[in-house]
Amino acid sequence: MVKKEKEELKPINELISLKGKRTLITGAGAGIGRAIARRFAEAGSALELVDINEKALKETKMELLPFKVDVSLHKADLSVKEEIDVLWERLKGREPDILVNNAGIYPTKPFLEIDEPFLKKVLDINLNAVFWMCQHMIKARIKKGGGVIINIGSIEAVMPFKEDLGHYDVSKAGVMVLIRALAHEYGKAGFRINALVPGGIWTPGAKGVARDVLKLDFNVIKAGIEYTMRTHWAGWENPTR
């Protein structure tokens, strides 16, 4: 039996073209957001990149230079609605065709130790910012035939596995419910609204958590083992990709 050679993966621009489209990506300074920006740039989309870390945004832009697409950077704290409003005011005249709500935080904290400021910060970034970004997007595009909204959820929203993340799980579950409601209400107006539900991904943030294993904390080690099992079960053979 002749072994079939492994088919070479084609670059994304040979599979899909987003030339003439403009995409707004939040949390684009690192990790998943930076990877998303790269793939959209490969497909030829102009980009509006948002992050609270201006230095990280500039690093992302440098990585995208080979793709020769228009890239604009916006420093904004998405936990503050006024900054979201200012962002969309600046976007008037070049509103995006595609919105990717990726920005999020996942600090760990025991449920019984959570106070109001901590919970508010998590919900403001992970859920409320998504709500307001979607509202602005729909207002901007509803008379233009609609658009595409992609919200980054989490497997934690449907299958929690780690202790001390109840606040995060709630925020991401809210995102999942929101996209169902908006898709139902605005799908008929030309909007395609979906959520991606990643499992464990080896981002810089995840690496920071992994470094805690060196402290020999049993709970962290246990979580690290479970994390590794989940990524392997999901078929992630190369966690650096």
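We number each residue from 1, following the sequence as shown.
Counting all heavy atoms, side chain and backbone alike, A37 lies closest to T60 at CB-CG2, 4.3 Å. Closest approach of S79 to I125, counting heavy atoms only: CB-CG1, 3.5 Å. Annotation for D77 and K121: closest pair OD2-NZ, 4.1 Å, computed over non-hydrogen atoms. The two atoms that bring V69 and A41 nearest to each other are CG1-O, 3.7 Å, heavy atoms only. The nearest pair of heavy atoms linking A76 to V50 is CB-CG1, 4.1 Å. Considering all non-hydrogen atoms of both residues, A157 and M176 come closest at CB-CG, 4.0 Å.
To the nearest 0.5 Å, atoms NZ (K109) and CD1 (I114) are separated by 7.5 Å. To the nearest 0.5 angstrom, N194 atom CG is 10.5 Å from I152 atom CD1. To the nearest 0.5 Å, atoms CZ (R94) and CG (D70) are separated by 8.0 Å. The distance from atom CD1 of I150 to atom CG of L24, rounded to the nearest 0.5 Å, is 12.0 Å. A distance of 9.5 Å separates CG in L87 from OG1 in T26, rounded to the nearest 0.5 Å. Summarising the geometry, atom CG belonging to N102 is positioned 11.0 Å from atom CE belonging to M133; distances are rounded to the nearest 0.5 Å.
Side chains of F191 and I138 form a contact here, defined as non-hydrogen atoms less than 4.5 Å apart. Looking at I98 and F40, their side chains come closer than 4.5 Å, going by heavy atoms from C-beta outward. Side-chain contact between R38 and F67 is present, with heavy atoms from C-beta onward closer than 4.5 Å. M137 places a side-chain heavy atom less than 4.5 Å from the side chain of W88. Contact of the L165 side chain with the T108 side chain is registered, since non-hydrogen atoms from C-beta on lie closer than 4.5 Å.
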Test side chain to side chain contact (heavy atoms under 4.5 Å, CB included) applied to L78 and I52, step by step
CA-CA 8 Å; L78 298 180; I52 195 170; over 6 Å; no
Go through the steps for V148 and D97 under the test side chain to side chain contact (heavy atoms under 4.5 Å, CB included), then give the verdict. CA-CA 6 Å; V148 176; D97 306 277; over 6 Å; no
* To do: Please lay out, stage by stage, how V158 and K172 fare under the test side chain to side chain contact (heavy atoms under 4.5 Å, CB included).
  => CA-CA 9 Å; V158 294; K172 288 299 184 178; over 6 Å; no
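Within the structure, the side chain to side chain donor-acceptor pair (under 3.5 Å) test picks out the following pairs touching residues 126-139 (sequence neighbours left out): D85-H136, D124-N128, N126-S171.
The hydrophobic clustering, which links ILVMFWY residues whose side-chain heavy atoms are closer than 4.5 Å, places V170 and F131 apart. Under the 4.5 Å side-chain heavy-atom criterion for grouping Ile, Leu, Val, Met, Phe, Trp and Tyr, I84 is not connected to V122 through any hydrophobic cluster. Neither L99 nor V197 shares a network with the other; the hydrophobic side chains, linked directly or stepwise wherever heavy atoms of I, L, V, M, F, W or Y lie under 4.5 Å apart, form separate groups for each. Hydrophobic clustering places I105 together with L119 (ILVMFWY residues linked when any side-chain heavy atoms are closer than 4.5 Å, directly or through intermediates). Cluster membership for L91 and L49, using ILVMFWY side-chain heavy atoms within less than 4.5 angstrom, is not shared.
When atom types are taken as modelled, the side chain of E95 and the backbone of G93 share a donor-acceptor pair closer than 3.5 angstrom. Looking only at distances, no side-chain donor or acceptor of E54 sits under 3.5 Å from a matching main-chain atom of K75.
Ionic pairing of R22 and E48 is present here: one or more N-O contacts between side-chain nitrogen and carboxylate oxygen are shorter than 4.0 angstrom.
Screening L196, L47, V100 for a side-chain contact (heavy atoms from CB on, under 4.5 Å) involving I36 leaves a single residue, V100. A salt bridge (Lys or Arg N to Asp or Glu O under 4.0 Å) with E63 holds for exactly one of R34, R39, K58; it is R34.
Heavy atoms from other residues, nucleotides or ligands lying under 6.0 Å from NZ of K19 number 12 at most. More than 12 non-hydrogen atoms from other residues, nucleotides or ligands lie less than 6.0 angstrom from NZ of K81.
Under a 4.5 Å side-chain heavy-atom cut-off, the cluster of Ile, Leu, Val, Met, Phe, Trp and Tyr residues that includes M62 is completed by L65.
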